[in-house]
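When a residue number appears, it is its place in the shown sequence, counting from 1.
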Amino acid sequence: MPASSPAFFARSLAKPLVLAAFVTGAAVAGAVSAGAFNDHPDALGKKYADEMFSSMQDPAAMEAAMAKWIESAQPGVAHDWLAAFAGDWDITMTLMMSPTGQPTVTKGTATSEVIMDGRYVRDQLNYEMMQMPVTGMGITGYNNIRKQFQTTWLDNLGTGMMTMTGNLDREGKILTMVGEMDEPMTGEM
């Protein structure tokens, strides 16, 4: 039986089929309000809606779309690289509060675990900064579509979430991530 047949998906990919039902259900819910596109003056919006809803009527197009979705959701080599960090760790962090100041070094512990069937690693960190206990949590994954690592970080030192993206060096050993955060001392966003 060809790998693209519906029977193949039903037998070997039962969990993604739940996702398929969800995606199809969301699209059907969106179709109910599709009439709003018909009255919208933006012809491009209407054209997009018409193409999207008509492709849902074509079983072959839906099957191809779902196959692509399922393929993009599979953990791969980058996810295996992240999974190697699962476990309990003693950590040392070096923080630079200003480019010209002295670094602050702090120690703590981290517990990292693989979640969502190998797609992400969740980190729970405990350490001290400026004589205050800090608890932080991060979730890191590799986005197969964007071909980059992504992290979301939050801790008890603030109410915002920091997001970062990055990639491995050529040797595949060092992950460098860059992100943005709000700065309460200067008011910079």
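The CG atom of Leu154 lies 11.5 Å from the OG1 atom of Thr163; values are rounded to the nearest 0.5 Å. Remark: Met132 CE to Tyr127 OH distance equals 10.0 Å, nearest 0.5 Å. Rounded to the nearest 0.5 angstrom, Asn126 CG and Thr109 OG1 are separated by 4.5 Å. Separation of atoms CG (Leu82) and OG1 (Thr151) is listed at 8.0 Å; rounding is to 0.5 Å. How far CG of Leu157 is from OG1 of Thr135: 9.0 Å, rounded to the nearest 0.5 Å. Interatomic distance, CE of Met164 versus OG1 of Thr152, reported as 8.5 Å (0.5 Å rounding).
Scanning for side chain to side chain contact (heavy atoms under 4.5 Å, CB included) contacts around Arg146 gives Asn143, Gln148, Gln150, with sequence neighbours left out. Under the side chain to side chain contact (heavy atoms under 4.5 Å, CB included) criterion, Glu71 pairs with no residue, sequence neighbours left out. Scanning for side chain to side chain contact (heavy atoms under 4.5 Å, CB included) contacts around Trp89 gives Ile91, Ala110, Ser112, with sequence neighbours left out. In terms of the salt bridge (charged side-chain N to carboxylate O under 4.0 Å, His left out) criterion, residue partners of Glu113 (sequence neighbours excluded) are, by chain and number, Arg122.
Counting non-hydrogen atoms of other residues, nucleotides and ligands closer than 6.0 Å to CD of Glu180 gives a total of 12 or fewer.
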>> Between Met129 and Thr106, is the side-chain contact (heavy atoms from CB on, under 4.5 Å) condition met? List the steps.
In response: CA-CA 7 Å; Met129 184 191 301; Thr106 185; 5.6 Å; no
> Can Thr176 and Asp169 be said to form a side-chain contact (heavy atoms from CB on, under 4.5 Å), step by step?
Replying inline: CA-CA 8 Å; Thr176 301; Asp169 65 354; over 6 Å; no
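No donor-acceptor distance shorter than 3.5 angstrom exists from the side chain of Arg119 to the backbone of Gly141, with no hydrogens or angles considered. Remark: side-chain polar atoms of Asp155 are not paired, donor with acceptor, to backbone N or O of Leu125 under 3.5 angstrom.
For residues 143-185, the pairs satisfying ring pair (Phe, Tyr, Trp, His ring centres under 6.0 Å) are Trp81-Phe149, Tyr142-Phe149, with sequence neighbours left out. Identified under the salt bridge (Lys or Arg N to Asp or Glu O under 4.0 Å) test for residues 77-103, with sequence neighbours left out: none.
Considering all non-hydrogen atoms of both residues, Ala86 and Val114 come closest at CB-CG2, 4.1 Å. Contact between Thr94 and Pro103 at its shortest, heavy atoms only, is CG2-CB, 3.5 Å. In terms of heavy atoms, Asp117 sits closest to Pro75 at O-CG, 3.5 Å. Taking every heavy atom of both residues into account, Ile70 and Gln74 meet most closely at O-NE2, 3.0 Å.
Placement of Phe85 and Leu168 within a single hydrophobic cluster is found when ILVMFWY residues are connected by side-chain heavy-atom separations under 4.5 Å, directly or transitively. In the hydrophobic clustering of ILVMFWY residues, with side-chain heavy atoms under 4.5 Å counting as a link, Met116 and Met137 come out apart. Both Val121 and Leu175 are part of a single hydrophobic cluster, where members link through side-chain heavy atoms under 4.5 Å apart.
Side-chain contact between Thr104 and Met130 is absent, with no heavy atoms from C-beta onward closer than 4.5 Å.
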